Amino acid sequence: MEIYNLSTGAITAVGVSLLVIFSIVALIIWNNKAKEQVNALKSIDAKIQEGALETPEPEVVVEITTECEPEEESEVVPVPEPEIAFAKEKEEEPEPEVMENNYNVGKSGRVYSKNELLELIRS
């Protein structure tokens with residue numbers, strides 16, 4: 001297998017020429033697609049002007065009025081206040097003792113009681 005010694009200028013010239021070729025091919029493809037769309041729009045426009053494509057008339061007409069007519073009078077039912085499920089849990093849980101210099105606060109922000117810290121140290 002032979003190794004070719006190509007200069008930097010030759011490699012750059014090949015790269016630029018490939019880029020130009022791909023750009024020209026992309027422009028040709030884009031131009032053809034644009035022509036197809038323009039032709040389709042022109043044919044639709046011609047059919048509309050000839051009357052071949054008629055816009056359908058709406059079948060349902062809705063009248064909007066500002067007056068409100070109640071059909072039936074309904075009873076007003078009082079809405080009960082929602083119960084907070086976690087309120088009971090917070091009331092039952094005692095607050096931990098605060099130690100000096102915030103030694104009882106973990107990395108996550110949880111405050112540990114003195115007994116919990118002693119258990120963690122022992123285990």
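The first residue of the sequence shown is numbered 1, and numbering continues consecutively from there. From a predicted model like this one, the values you see are computed outputs, not experimental measurements.
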Checklist entry - Asn39 side chain to Lys35 main-chain N or O, any donor-acceptor pair under 3.5 Å? => result yes
CG of Asn31 to CD of Glu36, rounded to nearest 0.5 Å, is 10.5 Å
Students should find that the hydrophobic cluster of Ile24, defined by side-chain heavy atoms under 4.5 Å apart, otherwise consists of Val16, Val20, Ile28
Rounded to the nearest 0.5 angstrom, the CZ-OG distance for Phe22 and Ser17 is 10.0 Å
